[in-house]
Amino acid sequence: MSNEKKGNYFLETIIAVFVALIISLLLVVIAAFAIKLFNISDSAIVIINQVIKGLSILLAGIFCLKLPNNGWLRGFILGLIYVLLAFVVFSLLSGEFTFDLTLLNDAVLGGVSGLISGIVAVNIRKKSE
């Protein structure tokens with residue numbers, strides 16, 4: 001594999017991470033309006049946040065991971081990097097960094113969501129060719 005190919009895989013993964021972050025930010029704003037409008041309980045917010053994270057990774061992986069080969073690995077890496085960057089972004093927005101079991105849970109969810117999205121993305125591309 002040439003250096004150009006490696007660079008493309010790397011760039012594609014980084015773009016997918018930022019797309020996932022943008023999707024997350026948009027979905028969080030929409031969820032905040034929905035929570036306010038429909039008086040959703042605080043216990044549901046944790047579930048809504050997990051759905052937003054998983055959906056963001058899944059959509060970014062499906063739409064951004066276009067190169068063939070190792071979709072599962074690139075998706076897994078996408079999920080883990082997304083979780084780390086999302087943790088930093090949302091911690092900065094909330095004004096506090098809290099390291100707890102939730103971060104580990106997010107890392108597992110991110111890795112699995114990314115792995116699935118990478119597999120789906122590569123297989124969708126193979127079928128369309």
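Just so you know, these numbers use all the heavy atoms, side chains as well, and skip hydrogens, waters and symmetry mates.
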### Task
Please determine, by modelled atom types, if Ser94 and Glu96 share a side-chain donor-acceptor pair under 3.5 angstrom.
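Judged by distance alone, the side chains do not pair up.
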In this structure, would [X] and [Y] fall into the same cluster of hydrophobic residues linked by side-chain contacts under 4.5 Å?
X      : Y     : answer
Leu65  : Ile14 : yes
Leu11  : Val19 : yes
Val88  : Ile77 : yes
Leu101 : Phe99 : no

Side-chain atoms of residues 22-31: list all donor-acceptor pairs with protein atoms under 3.5 Å, sequence neighbours left out, distances to 0.1 Å.
| residue | atom | partner | partner atom | Å |
| --- | --- | --- | --- | --- |
| Ser24 | OG | Ala20 | O | 3.1 |
| Ser24 | OG | Ser56 | OG | 2.9 |
| Ser24 | OG | Tyr82 | OH | 2.4 |

#### Entry: Listed partners of Phe76 passing ring pair (Phe, Tyr, Trp, His ring centres under 6.0 Å), at least two apart
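Partners of Phe76 by the ring pair (Phe, Tyr, Trp, His ring centres under 6.0 Å) criterion come out as none, since no residue qualifies.
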### Task
Answer yes or no: is there a side-chain heavy-atom contact under 4.5 Å between Leu103 and Phe87?
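Yes. Closest side-chain heavy atoms under 4.5 Å.
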### Query
Taking C-beta and beyond as the side chain, do Asn69 and Val122 meet within less than 4.5 Å on heavy atoms?
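They are not in contact (no side-chain heavy atoms under 4.5 Å apart), so the answer is no.
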#### Entry: Partners passing side chain to side chain contact (heavy atoms under 4.5 Å, CB included) against Ser113 (at least two apart in sequence or in another chain)
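Side chain to side chain contact (heavy atoms under 4.5 Å, CB included) list for Ser113, sorted by chain: Ile57, Leu109.
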Would you say the side-chain atoms of [X] pair up with the backbone N or O of [Y], donor to acceptor, closer than 3.5 Å?
X      : Y      : value
Arg74  : Gly61  : no
Ser117 : Gly114 : yes
Asn123 : Ile119 : yes

#### Entry: Heavy atoms of other groups near Phe97 CZ, more than 12 under 6.0 Å
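More than 12 within 6.0 Å, yes.
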### Task
Taking atom CG of Asp100 as the centre, report whether more than 12 heavy atoms of other residues, nucleotides or ligands fall under 6.0 Å from it.
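Yes.
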### Task
Please name the residue in the list Val83, Leu78, Leu85, Leu84 that meets the side chain to side chain contact (heavy atoms under 4.5 Å, CB included) test with Ile81.
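So the option named by the test is Leu85.
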